[in-house]
Structures are given as C-alpha cells and as structure tokens.
*Asks:* 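The structure follows.
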Amino acid sequence: MEEYRIRVLSPDGIERHVLELDPPLTRGTPLYLAGGPRRMEVGPLGDCREATFEGDPTTLGIGPRDTVQVQYRTGTTGPWLNKYAGTAVITGSARSEVGRYKLQGFRYRRLTEVEVRTLLAEADLGAQVRQLFTDVIASGQLGSTLLPPTTDTIPSLNITSAAIQGNFWPAAKLIDERLKGRSRQTRTYLNPDGSTQAKDVNPDWGVNADLRPVFGYPTGTLVIDEIVTGVEIDGMDTDSSTLVTDVRVVFAQTLAAQGLENAADGTGNRRYQDVKSPLTYPISVAPRTFGEAWRGLPLPVDVSLFQRLPASNAQAFATGFIRQGAPNPPNITPTVTGNWSALWDGDALSAVTIGPPPDVTVSSYTVQLLFSDATPLPDGWEAKVTGGSISQLTVEARDGLVPPNGGSHTASATVSGPNTPTGVALLGDTTRSRLAGAWTQGGNWSSGKTVYIQITPVDPQQPVVLSAGTLVRVNPALLAASATPLARIPTLNPVTARLPGWNYSPAATAQLTLRDALGNAVETRELPIELLVYDTDDDGELYTEVRCGQRDEAEALSFTSAISARDQNATTDAVQAST
C-alpha cells in the first residue's frame, strides 16, 4: 500500500498543517484532492521544479506563496519521505468546489526574487555555493523555510572559484550565470550498439524535497527493465525549438573616447572621436552541427570579471601647479609613499600616497605606467582614488614592427575617468580595435605601451591616495563560465520510461533494457536522466515517469523558448539602448 500527504508552510516557513488521505480522528481534516497530485517534476539532483494538482480550497488551506511539501510512504507504518517541495504561485479560489494549484521549485521562483548581499570569498566552488546559501538564509529573506546546506547536499568540487561580489544579484541568476559554469565534467553513456558517447555537463542545482539547497553533479544509476511488471519504455519527439551555439557577451557601460592614430604611411597623426559603443566578446558554446544560432548575454561592469595587468614601471609628476616661491624650474616630482604594485595587486587596503613637492601647490598629478611588450590588449582601466578624482585616462601604443622614422604605427585612446562605482572604465569595440593595430608584440624596432592617469586633488596642498590604477582585460575563464551554461542543441533519440509507484529516487543516469513480446532483450542503453515526474493516473494509481535525454515535451519547450526569447530580446535591447 502506498500513501501520500501534504505539509503546508507559511511564506515565512511556519508549519500551518499536515493533511493525510485518511487520517485518524485525532489528526483532524483529511486531504481532498481531485485525482491525486499531478506532475511533480524533480531533476536528477533532486531539485524540485514544477507541480500541479486540483483539490478543495477550503480543506487544503493553501494560501499564496505558501510552501507545500508532498510526502510519501509505502505501507502504513513506514517513514514519510519528502518527494516534492515548492512555492504556491497559483492557488484555488475559495468560491470553487475544485480549485487549481500550481507550485514552483525554489530555484525557479523564490531564489529568483531574493538577492545575494555579501562577498563570496575565493574558495572551492562547492564551499562558495554553500556560503551563498548560508548567507541568503541568514539574511532572513526566506524566513525559516530553507534548511542550511551541508557537504552532502553541496559537496566540494576540488575547483578553486575566484571571489565574487554578490552586488545584490538575484541568487538564481548569480548561480546560473556566474558560478555553475566554473565547473564542467565529461560523462560517458552507453549506446544500444555497445559504443559510447561523451557529454560535457555543468553542475546542477536547486532546492530538494527536504527544503535543503543542492548543488553539484547527480550520481547513481536507475535500472529500468521492461521485464518488470508495469514498466514501459517509449521514445520521445526530438525537440529542436531552442538552439544556441554562440553567445555574444555584452558590456554596455563603456565610455566615449578620443585619440590619435598614425598608420606609418607618412601622413602623420589623425585625430578621431568615437561615440559610446558596447564592448563585446563572441564565445562559441556548442558545435554548429545543426546550424549557427546566437544569444546575447549582457553583463554588468563588475571588477571581479576582469584581470588586472601589472605595469613594469611607474612614476608620478605634478602636471598642474603654482610655484609659490619654488625654484625655476620648479621641482615637479611629488612625494610618493607606498609600493607601486598596490595599484594592480587587487588589495583594497594597499595604496600609493602622492603629495605635492615643496613650495608647489598642485592642481593635478599624472601617474605614468609603462607595460611590458607581452601585455595583452586591454579592455580598459581600473582606477580608484581618495582625496581627489580621476579626471582623465589615456593609453598609448607604438608598434615595434614598423620603423620609427617616417611615423611609426601608433594609437592612443583617452577617456574622461571611470563611470562606474567599481572604478572600472571600459572602451567600446570601435576604440579597442584602433588600439589593436598598434598593440603588437616583438619586432625589430622600439615599441611601447604606456598609460597616463590624471588626478585632480580636492585640496591642492593635501596628498591623494591611489588604491587602484592599471589596465584591465576581461577574464576569459569567467566569460566562458557565464556563457557556456546557455548552450542548447537538440538531443537525439530521447526516451521516456513509465514505472509503477513513486518509490524511485533521483539519479544521474538510467540503464534501460528494452524487450520484445517474448521477453528477450532487444537493446540496452544508458542515458542521462533529465527529469523525474511523480504522477497519478485517472484511477488514482501512482506512477513515475523518467525522461532521458530531453527534459520537456517539444510543445512545452517551444512555448518556453518563445517566452525566453522575448525576455532575452527585451533585456538586450534595453542594454544596447543605454550605450
């Protein structure tokens, strides 16, 4: 005998009641569902997704945003096991005899609504995600609904993950776009002919039926054999409604620039002035076997996404001054304390202090940074100062492949200071391409890569403190981590299996054995499990549907992809319009 019941919690996580199908008189109101629970979807890691059912609103007592757990046991004395948990986003009307209910897992609803408020320090990726959930739970945004993560539900992955500032990102967005792509494993599956196929996968995540966060790779194999009574294995329609093979990462918050170009053709310097344009990076995320398809991914100007490039030499000058009795020519070398490496070491507590020379009142300082020939092409600068402001940033490059006589190949770009709270100032694609022509390595002639940071002090007689000042470029590993989870290609030969009852736990793979009418094995194959659906048929019998190779039906995916495309286009349009 199999039994199920529901447990209802308030939005803050306080238990309201537990309803059983046939409770003893001492336990109160029985559970009234029309046909039983329907379509409780759970991922291979145990993460809960969507569930629907119908029932009597008066006795169910489920209000908006309540948390509902569905529990199950075999026999009448066995332990109750949590099979599903989600947030009620549609609840039945009290005026209806039969109300309709829809639940969504925390990954897809509540964790898209709460924010990450703390710095996630550099750590193992699993430990970093445990910290994220610990901090979100401690913030009180979810009440007492979620249980804290453990090393069993979020294990360490033996991958060091760089520090990342929460910056009030939605928790789900931060994990999907910035964290899960930092790890990838290759899984091998068995084909019917005995050959194998490999598939690269990122960690999955969510909240399981116990209301505990999960993150990592599913494990275990569910053995499914048609020789078992009640087991049916069928094919599924192949869906190709969503295709993403390439992602264009877009940084829209850039600066207009002006500068000089010299093409080494004897025509001399040419001035240019570029309007704002986005900085973009194209990233291939999947093979183009089924065609080429692009998706845009707007990212904020977050300093954690960039690498600081160290300079090989640095010095400072007083470039605007009043002599006030100083000798002629006056001393324009300011007093400097601190190590210049503080400008690119990423440590907010280390800094360089620059003060005025004797008998000189300084209206502006210029810090000159020289970079080695091997320095990669930058995307912009990072510059932070206290006691003053960054009034101008300039980068210059001279090509060592072209002889200096007659005009060497040179380029420069100047902007009017950082425009972000992080102190990062980015160049758009147009300006960056101007620098690229002169930003070469090697050659027989003298080359150079130089940065000038102009600082205006608040008080001309007081020092300024520069805590950051160097070139930056996007971290390619973190870009790939943000983009690769968006890959979508069709899955060939997906399979669905129907099993009697609910007594099946999520697993990574399914080993499927198909048999003929006489019970002889026709083929055995192993596929990744994409979804388990705990359901009830029209006769009230419980069954589990295991989807392998494709998570949703083609029709549902088509609708979902249309909505996703609309939302994605709206976001991208808004970002691009801001440039």
Side-chain angles (χ1 to χ4, degrees), residues 250-281 301 303 306 308-309 311 314-320 343 363-371 375-385 388-400 402 404 406-440 447-457 466 468-474 575-579:
V250 179
F251 295 95
Q253 202 168 2
T254 61
L255 290 174
Q258 59 184 350
L260 299 174
E261 289 182 292
N262 187 319
D265 57 3
T267 59
N269 290 332
R270 292 187 293 271
R271 292 189 176 275
Y272 72 85
Q273 187 158 352
D274 292 335
V275 298
K276 287 177 60 177
S277 64
L279 171 67
T280 67
Y281 272 90
V301 181
V303 69
F306 296 86
R308 300 173 179 90
L309 304 178
Q315 55 186 326
F317 305 98
T319 49
L343 302 188
S363 58
S364 65
Y365 297 101
T366 295
V367 174
Q368 181 191 59
L369 305 175
L370 302 179
F371 290 82
T375 301
L377 180 67
D379 295 310
W381 306 260
E382 181 192 21
K384 289 183 179 180
V385 66
S389 61
I390 305 294
S391 53
Q392 188 170 277
L393 294 167
T394 300
V395 57
E396 295 180 350
R398 183 175 65 253
D399 189 346
V402 182
S408 60
H409 189 180
T410 60
S412 70
T414 298
V415 300
S416 299
N419 64 336
T420 62
T422 62
V424 176
L426 296 182
L427 295 170
D429 284 345
T430 303
T431 307
R432 190 174 180 272
S433 65
R434 296 182 189 274
L435 284 177
W439 203 276
T440 57
S447 63
K449 297 173 175 62
T450 309
V451 163
Y452 300 95
I453 303 173
Q454 185 172 311
I455 306 166
T456 302
L466 193 61
T470 192
L471 293 172
V472 296
R473 70 162 185 163
V474 175
V575 170
Q576 292 174 341
S578 68
T579 60

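In what follows, residues are counted from 1 in the order of the sequence shown.
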*Asks:* Indicate the atoms forming the closest heavy-atom contact of Asp379 with Val474, along with that distance.
*Replies:* OD2-N, 2.7 Å
*Asks:* Between Val415 and Ala257, which heavy-atom pair has the shortest distance, and what is it?
*Replies:* CG1-CB, 3.8 Å
*Asks:* Quick one: closest heavy-atom pair of Pro457 and Ser363, and the distance?
*Replies:* CD-O, 3.3 Å
*Asks:* Which heavy atom of Leu393 sits nearest a heavy atom of Ala425, and at what distance?
*Replies:* CD1-CB, 4.0 Å
*Asks:* Hey, what do you get for CD (Glu396) to CH2 (Trp439), rounding to the nearest 0.5 Å?
*Replies:* 10.5 Å
*Asks:* Mark yes or no for whether Arg432, through its side chain, and Pro378, through its backbone, hold a donor-acceptor pair below 3.5 Å.
*Replies:* yes
*Asks:* For a quick test of reading the model, state the closest non-hydrogen atom pair linking Thr410 to Arg398 and the distance between them.
*Replies:* CG2-CG, 3.6 Å
*Asks:* So, the side chain of Ser391 versus the backbone of Gln454: is there a donor-acceptor pair under 3.5 Å, distance only?
*Replies:* yes
*Asks:* Side chains of Asp399 and Thr440: any donor to acceptor distance under 3.5 Å?
*Replies:* yes
*Asks:* With sequence neighbours left out, write down each residue that passes ring-ring contact (aromatic ring centres under 6.0 Å, His included) with Tyr365, or none if nothing qualifies.
*Replies:* none
*Asks:* Just verifying a value: how many Å separate Thr366 OG1 and Gln392 CD, rounded to the nearest 0.5 Å?
*Replies:* 8.5 Å
*Asks:* Compare every heavy atom of Arg308 with every heavy atom of Val303, then report the nearest pair and how far apart it is.
*Replies:* CG2-NH2, 3.5 Å
*Asks:* Roughly how far, to the nearest 0.5 Å, is OG1 of Thr375 from CG of Leu471?
*Replies:* 7.5 Å
*Asks:* Report the residue from Leu435, Thr254, Leu279, Leu255 that forms a side-chain contact (heavy atoms from CB on, under 4.5 Å) with Leu427.
*Replies:* Leu435
*Asks:* Could you grab the distance from atom CH2 of Trp381 to atom OG1 of Thr470, nearest 0.5 Å is fine?
*Replies:* 11.5 Å
*Asks:* Taking side chain to side chain donor-acceptor pair (under 3.5 Å) as the test, write out the residues that go with Gln368, two or more places apart.
*Replies:* Gln315, Tyr452
*Asks:* Rounded at 0.5 Å granularity, tell me how far CZ in Arg271 sits from OG in Ser412.
*Replies:* 8.5 Å
*Asks:* Does the pair Ile390 and Leu466 meet the rule for a side chain to side chain contact (heavy atoms under 4.5 Å, CB included), with working shown?
*Replies:* CA-CA 10 Å; Ile390 305 294; Leu466 193 61; 4.2 Å; yes
*Asks:* Are Glu382 and Phe306 packed together at the side-chain level, in the sense that at least one heavy-atom pair is separated by less than 4.5 angstrom?
*Replies:* no
*Asks:* How far does CG of Leu369 sit from NZ of Lys449, to the nearest 0.5 angstrom?
*Replies:* 14.5 Å
*Asks:* Just checking, is any N or O donor in the side chain of Asp274 or Thr431 under 3.5 Å from an acceptor N or O on the other one?
*Replies:* yes
*Asks:* Regarding Ser364 and Thr319, is there a side-chain donor-to-acceptor distance under 3.5 Å anywhere?
*Replies:* yes
